[in-house]
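In this text, all values refer to a predicted model and were calculated from it rather than measured experimentally.
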Amino acid sequence: MFPLKTFVSERRAANLLAQIRWRNGVYCPRCRGESVIRYGSYRVFQRYLCEDCDRTFNDQTGTVFEHSAVALRKWFLTVYTYIRFNTSLRQLGVEIDVSYKTIYRRVQRFLRALDAPRLQLEGPIEIDEFYVKAGLKGRERDQPSRSRGLSTRGRGTFAEDKPPVFVLADRATGERHVIPAKAATESRIRLLLADRQQESLAVYTDGFRAYKPLDEDDTFTREYVVHGDGEYVDGDVHVNTCESHASLARRWLSPHRGVSKDRLTPYLRAFQLRRKVFRKPGKEALKTILKTVL
């Protein structure tokens with residue numbers, strides 16, 4: 001259910017922020033001290049005094065929502081609808097009545113706060129890659145005009161404006177990870193598969209030659225299907241889960257009209273967060289979204 005009450009009341013939004021941020025107790029965001037006392041209020045936010053460093057702070061201090069004249073409830077609505085419904089930033093600016101530049105900077109700040117995925121692979125693991133046309137979006141001072149990425153078919157690299165994105169699906173845990181890379185090389189594949197729980201990891205791939213060296217490594221048990229020969233499933237061996245997840249990732253990137261390759265990682269982390277809250281009710285989904293950045 002859509003958490004409307006939080007989006008129409010600034011005090012409810014402030015209470016939710018305090019509840020999630022201080023879920024493990026109040027501490028000073030500057031010196032990390034826990035000798036903190038209540039010290040009045042700042043607008044609708046509780047104000048605190050740190051007895052260790054003698055500085056004051058409030059519930060917003062040190063978060064992605066601080067130093068903004070826009071109401072907190074509007075930023076909650078922004079991050080919720082952006083993650084939940086993949087709404088474009090220009091449309092969000094219209095909905096909360098702020099400029100595109102303001103909402104772009106705040107959403108980018110939110111995306112940079114998202115943590116990198118922590119891989120703890122159990123296996124069997126499906127691994128596959130897809131390629132994104134992502135160039136140099138935007139115009140820097142004294143730089144040439146932007147290029148949104150190459151239109152050539154086939155594989156590419158980061159330098160060619162067509163970076164690969166690896167998809168890992170852990171069948172044991174059901175976890176799926178989407179991780180961009182500079183190029184689809186053997187060293188990058190080994191790095192992705194390094195954080196494993198077992199000494200020997202079962203890996204299912206397609207016939208791409210970059211996966212072939214895994215056959216000679218005793219730490220991996222590789223089985224594969226060759227799509228070029230019309231082979232897509234061989235018993236339990238396939239990469240269909242990865243291909244399905246890749247199609248969802250492409251649809252996530254589509255409304256943003258050519259994501260810059262320098263900002264591809266934050267956008268894909270937002271996609272992962274969307275999949276995490278996909279089946280959750282509105283209020284629980286909002287709490288999960290906020291916990292990732294607070």
- Message: Salt bridge or not between R171 and D236? Use side-chain N to carboxylate O under 4.0 Å.
- Response: no
- Just by modelled atom types, is the Y131 backbone N or O under 3.5 Å from a matching donor or acceptor in the R250 side chain? yes
- When rounded to the nearest 0.5 angstrom, what distance separates CD in E243 from CD in E129? 9.5 Å
- R109 side-chain N/O to T63 backbone N/O, donor-acceptor pair under 3.5 Å: yes
- Item | Shortest non-hydrogen contact between L192 and I179, atoms and distance | CD2-CD1, 3.7 Å
- Task: Would you check if there is a donor-acceptor pair between the side chains of R222 and T205 at a distance under 3.5 Å?
- Result: yes
- Query: Looking at side-chain heavy atoms only, is the closest gap between W75 and I103 below 4.5 Å?
  - Reply: yes
- Item | Shared hydrophobic cluster for F158 and L264 (ILVMFWY, side-chain gaps under 4.5 Å) | no
- Query: Is the backbone N or O of I20 less than 3.5 Å from a side-chain atom of R23, with the two atoms forming a donor-acceptor pair by type?
  - Reply: yes
- Query: With no hydrogens and no angle check, is any side-chain donor or acceptor of S9 less than 3.5 Å from a backbone partner on T6?
  - Reply: no
- Would R274 count as a cation-pi partner of W252, with NZ or CZ less than 6.0 Å from the six-membered ring centre and within 45° of the ring normal? no
- Query: Quick one: does L193's side chain get under 4.5 Å of L214's, heavy atoms only?
  - Reply: yes
- Taking the six-membered ring of F76 (Phe, Tyr or Trp), confirm whether the NZ or CZ of R12 is under 6.0 Å from its centre and within 45° of its axis. no
- Item | F130, CZ atom: more than 12 neighbouring heavy atoms under 6.0 Å | yes
- Message: So K182 and R188, do their side chains get closer than 4.5 Å, heavy atoms only?
- Response: no
- Task: Kindly state whether the ring of H227 and the ring of Y232 have centres lying under 6.0 angstrom apart.
- Result: yes
- Main-chain N/O of G40 paired to Q46 side chain as donor or acceptor, under 3.5 Å: yes
- If Ile, Leu, Val, Met, Phe, Trp and Tyr residues are connected whenever their side-chain heavy atoms lie under 4.5 Å apart, and connections chain through other members, are L17 and Y27 in the same group? no
- Query: Can you tell me if CZ on R251 sees more than 12 non-hydrogen neighbours from other groups inside 6.0 Å?
  - Reply: no
- Apply the test side-chain contact (heavy atoms from CB on, under 4.5 Å) to residues L268 and L253: give CA-CA distance (whole Å), side-chain angles for both, the deciding distance (0.1 Å), then the verdict. CA-CA 8 Å; L268 290 175; L253 295 173; 4.3 Å; yes
- So which heavy atom on P180 is nearest to which on T265, and how close? CG-OG1, 3.2 Å
- Message: For a quick test of reading the model, state the closest non-hydrogen atom pair linking T157 to P164 and the distance between them.
- Response: CA-CD, 4.2 Å
- Should K276 and T288 be marked as a side-chain hydrogen bond (donor to acceptor under 3.5 Å, both in side chains) after you check the CA-CA gap, both sets of side-chain angles, and the distance that decides it? CA-CA 9 Å; K276 186 177 180 180; T288 302; over 6 Å; no
- Message: Heavy-atom count check: over 12 atoms from other residues, nucleotides or ligands less than 6.0 Å from E34 CD?
- Response: no
- Message: Test side-chain contact (heavy atoms from CB on, under 4.5 Å) on E186 and R190; report intermediate values, then the result.
- Response: CA-CA 6 Å; E186 175 194 348; R190 289 183 179 276; 2.9 Å; yes
- Side chains of F271 and N86: closer than 4.5 Å at any heavy-atom pair? no
- Where is the tightest heavy-atom contact between A71 and E10, given as atom of each residue plus distance? CB-OE1, 3.4 Å
- Task: Check whether any side-chain heavy atom of V233 lies under 4.5 Å from a side-chain heavy atom of V225, and answer yes or no.
- Result: no
- Query: Do you know which two heavy atoms are closest between Q60 and E66, and how far apart they sit?
  - Reply: O-CB, 3.2 Å
- Message: The test is side-chain contact (heavy atoms from CB on, under 4.5 Å); show your working for V293 and L114 and say whether it passes.
- Response: CA-CA 6 Å; V293 294; L114 297 177; 3.7 Å; yes
- With hydrophobic residues grouped by side-chain heavy-atom distances under 4.5 Å, do F45 and V36 end up in a single group? no
- Do Y224 and F220 belong together in a cluster built from hydrophobic side chains that touch within less than 4.5 Å? no
- Message: Given 3.5 Å as the limit, does a donor-acceptor pair link the side chain of E231 with the main chain of D206, or not?
- Response: no
- Message: I want to know whether F7 and Y80 have ring centres closer than 6.0 Å.
- Response: yes
- Item | Heavy-atom side-chain proximity of E175 to Q120 below 4.5 angstrom | no
- Item | Side-chain touch R275/L248, heavy atoms, less than 4.5 angstrom | yes
- Task: Heavy atoms only: give me the nearest T56-R30 pair and the separation to one decimal.
- Result: O-NH1, 3.0 Å
- Audit row: K287, Q19, side-chain contact (heavy atoms from CB on, under 4.5 Å) steps and yes/no: CA-CA 10 Å; K287 288 182 178 180; Q19 174 189 342; 3.5 Å; yes
- Query: What about W22 and L72, same hydrophobic cluster or not, with Ile/Leu/Val/Met/Phe/Trp/Tyr joined at side-chain heavy-atom distances under 4.5 Å?
  - Reply: no
- Measure from NZ or CZ of R90 to the centre of the six-membered ring of Y100 and say whether it is under 6.0 Å with the direction within 45° of the ring axis. yes
- Got a donor-acceptor contact below 3.5 angstrom from the D170 side chain to the L121 backbone? no
- Item | F85, CZ: over 12 other non-hydrogen atoms inside 6.0 angstrom | yes
- Message: Do H245 and T241 have side chains that approach each other closer than 4.5 Å (heavy atoms only, starting at C-beta)?
- Response: no
